[in-house]
Amino acid sequence: MKICNIERNINFQRQLKADEEQEYKIVLKQAKEKVGNKGFSTLIIPSNSLPDTLNRSTGCGNMLSKESQDFFDFAKLYWGINYVQLLPEGDFSGRKNKVRPYSGSALDLGKQVINLETLTEYEYANLLSKNDLKDVFNANKLENKDIKVNYNNVIQNNSSTDKALRKAFDEFLKNDTRQKNKLHDDFENYCAKNADWLERKSVYKVLVLKNEEKNPENWKNYIEQNLFNPDLVINEERKIFIDSLIAKPEYKKECDFYKFTQFLADSNLQKAKDKLNQKGIKLSGDMLVNGGANDEIWMYPNAFRKNESLPWGLNAINFDTPEGIEYFKLKVRNFANRYDGVRVDASWLYAHQKTTGKCYEYGGKILDIIDEEFKKVKGNDYDLQNITHEFENGNDYSIANGWVLKEETRDRVKIYKSNHLSDNWGSSSAFHKLGWKDGTYMLGATNHDSVSIKTLFQNKKDKNMQIKTLSELLKIPEEKLQSISGFMQAKFAEPIRSFHNMFFFLDVLNLDGNYKECLKNESDEYCTKIPSNYKEMYFKSLEKGEGLNIMDALEKAFVAEGLNETEPDLYKKIVKYRDILNGNEGVSQKRTFGKKPIFIIVSAIITLSILTGVLLFKKKHSNKTKQVG
């Protein structure tokens, strides 16, 4: 009977019980504040990688789906996130599954942002039926679709998603109900508000259809090639050409269809942002450093440098022309309107624009434009800390003169990963020694540009340096960090002491997936998706000492700061919840250092079984003795 009671208390994949959640939230909030994490707890995740239901998958995750919103509830509860950083959401295309979000467009949004299920609802005039959705879901025949993004079923022209959107647009054009009339009003208002870029982009889409070619340089018609170049085509000539083009019904429809998809995408994104805001989570967009490749150079030809490119072969905005400045302001405003904040991609290139031709020094001039445009859009809600910057400290640009931060980098939030952790770099302690103020940097173990913690562990040279530094920072013996679980938990623990910190979704969920372009299997680039059973997988990972157990991270931070002695009651609760999530409930260890709870539990069961067997044997032997007597 006693053994049965013990078995009932053994918890595999232990989630918090309803009556534990409120205390857990309080403990998490108080503990984070004690170790200095008072700002953003950021989850970096591309929306395409968000989970969906296995039999209801378009191919790409979506911010507005129920599954995604449930995931964000989970992330907020267990990890205390209050900030979500997406990757670029622009209109990007690729061949097969090879898609790079950073090669997308800068001004608009892609079809992947649209949640088709919303189009079956009254608010969107029931533009699609449930059967229309089934057609899209059934078309996603990708093997392993629960763990892999299928871009082909969503972003490509003539994909099942594209066909569904065109069907919805045909229904929209019928205009035969009151709700459709309201939708039309909203659509017209959207087009008017965004006319400065939407008109040009829609004409580009029409000319791509007409020429069957995305690159304007390959179009045969001179006017088409240079339509928005004021030096080559005058306004009157341009207007006559566009009016003539759009007069053709098939081109008029293509033009309006593009506007319609942008209207839906922007509307869906705003609804998703509102839902996150209601949870107490802000949404950050990723403002890629370049403009759109073919489209936006054609739309604003004098806004870009001629015969010069940024690193990685990207186009370079010409900040020395009025057109370049206006284009840049437009790009910033679009991000400010769509998101609560922004990650400024390759931000050092705005201070020191290095191209294939030469270098252009701007200091804080261009960075100030970002702040100014955000102020115009956000008004009283403007906060400089919502604008985070990717600053690299390399040969091309240094954020400091000697060890003193430059004016343009001093008070802006700088994003850093601790992949190069050492005595004087990559930790809150090191940054404080350099004079960096709290709230002026965001720190994480990894991000979307870096290798995973597990991959880092496999690099002997980097691992040894990091283990030495982590041991000193967290006061953990080096031998306790030689396992992947010990190393991983220490890597999570060190950045938790930063005022702003960040986590990458692959590491926190302990997902084995290919994300970066440097990986061997190109068909898996940027295609990792959170599986529908992510909760089960996550808690199994915690049992192995892998994945993010934020209470474990906080326990280590408390010990490093001596808070386990000055805040003993809070520390005791941290240990309690750490052990619950690890599956070590009731085991009063101050540090597990990667010990596997399953081993402990099984050992306990075996021991109890042996003792019980011995007792039963003795009792049986005793009875036999009595019978003989």
Side-chain angles (χ1 to χ4, degrees), residues 43-68 70-72 74-75 84 86-104 110-117 133-162 164 286 446-455 504-538 540-541 546-547:
L43 178 67
I44 305 170
I45 182 166
S47 63
N48 302 312
S49 296
L50 287 165
D52 51 30
T53 303
L54 184 58
N55 295 321
R56 296 178 62 80
S57 173
T58 64
C60 291
N62 187 275
M63 290 285 294
L64 199 53
S65 72
K66 179 183 182 303
E67 292 83 1
S68 293
D70 288 346
F71 171 76
F72 289 126
F74 177 85
V84 169
L86 301 178
L87 267 62
E89 295 276 289
D91 181 17
F92 51 80
S93 61
R95 49 186 176 84
K96 297 183 179 180
N97 268 7
K98 191 172 182 179
V99 174
R100 291 183 173 91
Y102 284 93
S103 65
K111 295 170 189 168
Q112 74 278 2
V113 179
I114 302 170
N115 186 332
L116 294 179
E117 296 197 56
L133 291 181
K134 287 182 181 178
D135 290 340
V136 179
F137 300 146
N138 292 337
N140 181 14
K141 301 182 184 299
L142 183 70
E143 188 178 351
N144 298 325
K145 61 184 176 182
D146 193 40
I147 59 174
K148 193 172 178 181
V149 177
N150 183 1
Y151 292 105
N152 288 340
N153 202 43
V154 179
I155 68 172
Q156 305 289 12
N157 289 333
N158 210 36
S159 66
S160 68
T161 298
D162 183 65
D286 196 328
T446 63
N447 64 13
H448 62 281
D449 278 332
S450 61
V451 298
S452 67
I453 296 176
K454 283 186 173 180
T455 303
F504 190 48
F505 80 107
L506 289 186
D507 286 320
V508 295
L509 290 168
N510 195 38
L511 293 177
D512 291 325
N514 294 343
Y515 198 74
K516 279 202 68 182
E517 66 269 27
C518 61
L519 295 158
K520 293 180 180 178
N521 187 358
E522 291 186 344
S523 66
D524 285 341
E525 292 176 352
Y526 301 107
C527 289
T528 303
K529 190 163 69 171
I530 298 174
S532 54
N533 67 335
Y534 63 88
K535 293 181 183 179
E536 178 185 357
M537 292 182 66
Y538 170 67
K540 281 184 178 179
S541 293
E546 299 175 8

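Just the heavy atoms: all of them, side chains too, but no hydrogens, waters or symmetry mates, feed the values below. Just so you know, residue 1 is the first one in the sequence shown, and it goes up from there.
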With rounding to the nearest 0.5 Å, note down the distance linking [atom1] in [X] to [atom2] in [Y].
X    : Y    : atom1 : atom2 : result
L50  : Y534 : CG    : OH    : 9.5 Å
S159 : N150 : OG    : CG    : 9.5 Å
I44  : N447 : CD1   : CG    : 5.0 Å
K111 : Y151 : NZ    : OH    : 15.5 Å
L509 : F71  : CG    : CZ    : 5.0 Å
I45  : N48  : CD1   : CG    : 10.0 Å

I want to check something: taking the side chain as every heavy atom from C-beta on, are [X] and [Y] in contact at a cut-off of under 4.5 Å?
X    : Y    : value
Y102 : L87  : yes
L86  : D286 : no
L506 : T528 : yes
M63  : N115 : no
S49  : F505 : yes
E117 : L64  : no

Nearest atoms (heavy-atom pairs only) where [X] meets [Y]:
X    : Y    : result
V154 : T161 : CA-OG1, 3.5 Å
S532 : D52  : CB-O, 3.4 Å
I155 : V99  : CD1-CG2, 3.9 Å
G61  : K529 : N-CD, 4.5 Å
P51  : P531 : CB-O, 4.1 Å
R100 : Y526 : CG-CE1, 3.4 Å

Is a side-chain donor or acceptor of [X] paired with a backbone partner of [Y] at a separation under 3.5 angstrom?
X    : Y    : value
T446 : S452 : no
K145 : N140 : yes
S57  : L54  : no
D507 : G547 : no
E546 : K540 : no

Residues E67 and R56 bridged, charged N to O under 4.0 Å: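 Salt bridge: no.
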Polar side chain donor-acceptor pair, K454 to N510, under 3.5 angstrom: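 Note: K454 and N510 side chains meet the donor-acceptor criterion.
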Mutual orientation of the aromatic rings belonging to F504 and H448 [parallel < 30°, tilted 30-60°, perpendicular > 60°]: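 Plane angle between 30° and 60°, so tilted.
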